[in-house]
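Basis for what follows: all heavy atoms, side chains included, without hydrogens, waters or symmetry-related copies. Predicted model, so just to flag it, every value in this text is computed and none were measured.
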Amino acid sequence: MSFRNWAAAALWALGLLGGSLPAAAQEAGGTFVFIVQPEPPSLASYLSTSGPIGLVAPKIYDGLFDYDNDLNIVPALAESYDVSEDGKTVTFNLRQGVKWHDGEDFTSADVQFTVMEVLTQVHPRGPNTFREVTSIDTPDDYTAVFNLENPAPYMLRALSGYESPIVPKHLLEGEDLRSADLVNNPVGTGAYKFVEWRKGQFIRLDRNEDYWKPGLPYLDRVVGRIIPDASTRTAAIENGEVMYGAYGAIPNIDAVRLRDIDGFSVTTDGYSMINPMALIEFNTTTAPFDNPAMRQAMSLVVDREFLIENIWFGYGKPATSALSSNFAATGLYAEGQPYFPASGDVEAAIAILDAGGLTPDADGVRASFTLDLIPYGEDWRRAGEYLKQALQPLGVEVELRYEDVPTWIKRIYSDYDFQMNINYFYQLSDPVLGVHRQYATDQIRQGTAFVNSSRYSNPDLDVLLDSGAQEPDATVRAATYGEIQSILAEDLPVANIFEMEFLTVYNDKLKDHATSALGAYGPFDQAWIDD
């Protein structure tokens, strides 16, 4: 049966969807300053899903949809959509009168170009999101018809300005997508226009006077402050220099203190679409991690509860599988996987190493390697120090390496010049969107960040991943993902550590900043400051 999302469009038009207050309650104007930590490698969210890019780019770029905090679809560049009875045709009815920030008209040609020539080619998750899209027809300027090989209901959960930003064809067509001027001088259709990026200091966005939502945004200016030092970031929010810090910008040790101070609040809202998972990636092509026994031992020795309680101050849940337990609601999560002890098991880890032939030398050393740390703040440095100590009883010597974001991304995803790194991935609202990219052979995409850097390849798993993506029967799909998790629990190219709970710290004067399920990765078009 064909379905048209007229109801959501009507609710949005009446201002009833998205959580906004009556217009008279908001105060227009003002400058909103928030923390961008660390400094982004670029502003090209169509190239990289690096967290700092996500803090800025969705204020500039729109998607076809946004999503409210109950994960309902909120119309954006698409006013409505139709899905055919067989699920193989999705028609998007696009919003008319939308302008790019340079004054050009937004049309269906931009949607076609974005998906077929950009997101499926260079975006880390785009090839999975749009894996079933064979072509896009544009019968007129405001209709985009997606033709699918197989039904892909998960695609409709991945069309936000953060996840699938629509980019201007007239500025990117014929350009090298990785070096085009748009990489650091973005032009979108969103609530705010890019004005200036002063490296090491700030990124400035100004109000889009021609924004397609009447009367929005309220703020005159949005400024992302770049503050490398954690204690300075905390001081800046306490003294009012900045009003908002998300995704660990304010270390949990300070966040739990600030939540008890009048004028500040701490929330875990705004992360419901991303399912973040802290993890260890292994380079499975080089010693010692070409031996599954070493990977299994690394997962066994980690005291997940210690990390959560002592570094993340109780925010998180021990990982138990390749999939987050949040997928239990969909029937896809399979509990009881091996090598995921909550508190660590040193004896079992030593036994695995001995059985795998990884015995100590005369000095008691089994292996020496470098652990690369994601450069996103002090919590990750502390986690690295913990892991270094935790591995000593195994006879494993570890050197820690902490570099800036561009260097780290290049090392891990372009050069493959690493042995083991601690990181986090977003598993998102469906495994096809957030999990497949880490394990599928076709996701070994050198130069693309946050995909299969372990270069793990298992043809049997590839078949199961393809089957799980296409399977319409919920029971059969759950069984398929059970098999997937069993294989990955044994092979462990990636060892999940814990299911993360990010904290957002904000000044209480800031209102309506969490109206999108994307939180800090949302458009902030309804945010305002109550002076």
Side-chain angles (χ1 to χ4, degrees), residues 36-63 100-104 106-107 109-130 136 161-190 192-205 224 226 372 374-376 403-418 423 437 442-453 455 521:
V36 176
Q37 163 57 29
E39 185 161 22
S42 76
L43 293 179
S45 54
Y46 53 89
L47 284 175
S48 173
T49 54
S50 173
I53 299 176
L55 293 170
V56 179
K59 284 77 175 158
I60 302 167
Y61 292 108
D62 288 315
W100 292 101
H101 293 161
D102 63 359
E104 294 292 319
F106 158 75
T107 71
D110 296 306
V111 175
Q112 180 190 56
F113 174 77
T114 296
V115 174
M116 302 307 296
E117 304 299 329
V118 180
L119 298 180
T120 57
Q121 304 301 312
V122 296
H123 189 273
R125 298 191 284 254
N128 276 333
T129 299
F130 302 106
I136 298 177
Y162 161 68
E163 184 64 23
S164 300
I166 302 300
V167 297
K169 178 180 179 180
H170 67 282
L171 294 179
L172 271 184
E173 188 175 33
E175 299 287 327
D176 182 331
L177 296 177
R178 300 185 186 276
S179 61
D181 185 62
L182 206 71
V183 168
N184 289 321
N185 293 281
V187 174
T189 59
Y192 302 95
K193 295 182 177 182
F194 173 75
V195 176
E196 180 183 10
W197 181 358
R198 194 167 296 179
K199 294 295 179 72
Q201 298 182 50
F202 64 82
I203 299 169
R204 172 185 160 187
L205 314 177
I226 299 158
D372 285 283
I374 186 171
Y376 284 10
E403 301 172 304
D404 62 31
V405 175
T407 303
W408 177 79
I409 288 178
K410 183 176 184 294
R411 178 182 297 280
I412 305 301
Y413 298 103
S414 293
D415 299 341
Y416 299 133
D417 180 22
F418 77 102
N423 192 357
R437 61 194 168 111
D442 63 8
Q443 294 303 297
I444 303 174
R445 300 161 57 204
Q446 189 168 10
T448 299
F450 303 106
V451 290
N452 185 352
S453 68
R455 287 178 285 172
Y521 292 168

**Item:** Smallest separation among heavy atoms of Leu177 and Glu117, with atom names
**Value:** CD1-O, 3.5 Å
**Flag, side chain of Arg445 to backbone of Pro124, donor-acceptor distance under 3.5 Å** = yes
**Prompt:** Would you call Trp408 and Asp372 a side-chain contact if the rule is heavy atoms closer than 4.5 Å?
**Reply:** yes
**Message:** Between His123 and Thr129, does the side chain to side chain contact (heavy atoms under 4.5 Å, CB included) criterion hold? Intermediate values first, please.
**Reply:** CA-CA 10 Å; His123 189 273; Thr129 299; over 6 Å; no
**Complete:** Output for pair (Thr448 OG1, Arg437 CZ), nearest 0.5 Å, gives 11.5 Å
**Prompt:** Angle class for the Phe450/Tyr413 ring planes (parallel below 30°, perpendicular above 60°, tilted otherwise)?
**Reply:** tilted
**Request:** Rounded to the nearest 0.5 Å, what's the gap from CE on Met116 to CD1 on Ile136? Could you check?
**Result:** 5.5 Å
**Closest approach of Tyr376 to Pro52 (non-hydrogen atoms, all atoms of both residues)** = OH-CD, 3.4 Å
**Test item: Tyr61 and Leu43 side chains (from C-beta on) under 4.5 Å apart, heavy atoms** = no
**Side chain proximity check, Ser48 to Val122, heavy atoms < 4.5 angstrom** = no
**Request:** Kindly compute the distance separating CD1 (Ile60) from NZ (Lys193), expressed to the nearest 0.5 Å.
**Result:** 12.0 Å
**Message:** Return the CD1 to OG distance between Ile409 and Ser453, rounded to the nearest 0.5 Å.
**Reply:** 11.5 Å
**Message:** Donor-acceptor check, side chain of Arg178 to backbone of Val183, threshold 3.5 angstrom: yes or no?
**Reply:** no
**Asked** Would you say the side-chain atoms of Glu39 pair up with the backbone N or O of Gly200, donor to acceptor, closer than 3.5 Å?
**Response** yes
**Complete:** Closest non-hydrogen atoms of Val36 and Gly224, given as atom of the first, atom of the second and distance, are CG2-CA, 3.6 Å
**Prompt:** Is any side-chain N of the basic residue among Glu163 and Arg125 closer than 4.0 Å to the acidic one's carboxylate O?
**Reply:** yes
**Prompt:** Is Asn128 close to Gln443 at the side-chain level, that is, under 4.5 Å between some pair of heavy atoms?
**Reply:** yes
**Item:** Rounded distance [0.5 Å steps], CD1 in Ile444 versus CG in Asn452
**Value:** 4.5 Å
**Request:** With the side chain counted from C-beta on, respond yes when Val115 and Thr120 share a heavy-atom pair under 4.5 Å apart, and no when they do not.
**Result:** yes
**Request:** Report the residue from Leu55, Ile203, Val405 that forms a side chain to side chain contact (heavy atoms under 4.5 Å, CB included) with Pro40.
**Result:** Ile203
**Request:** Please examine the side chains of Val187 and Glu104, heavy atoms only from C-beta on, and report whether any two atoms are closer than 4.5 Å.
**Result:** no
**Asked** Any side-chain heavy atom of Leu182 sitting closer than 4.5 Å to one from Tyr46?
**Response** yes
**Item:** Minimal non-hydrogen separation, Arg455 against Tyr416, with atom names
**Value:** NH2-CB, 3.3 Å
**Item:** Heavy-atom closest pair, residues Leu172 and Ala180
**Value:** CD2-CB, 3.7 Å
**Request:** Could you tell me whether the side chain of Phe194 reaches within less than 4.5 Å of the side chain of Asn184, counting heavy atoms only?
**Result:** no
**Spacing of Gln112 atom CD and Thr107 atom OG1 [to the nearest 0.5 Å]** = 9.0 Å
**Request:** Verify, without hydrogens or angle tests, whether Asp110 (side chain) and Pro168 (backbone) share a donor-acceptor contact under 3.5 angstrom.
**Result:** no
**Complete:** Scanning both residues in full, the closest heavy-atom pair of Trp100 with Ile166 reads CH2-O, 3.3 Å
**Asked** Counting N and O atoms only, with roles assigned by atom type, does the side chain of His101 sit under 3.5 Å from a partner on the main chain of Gly190, one being a donor and the other an acceptor?
**Response** yes
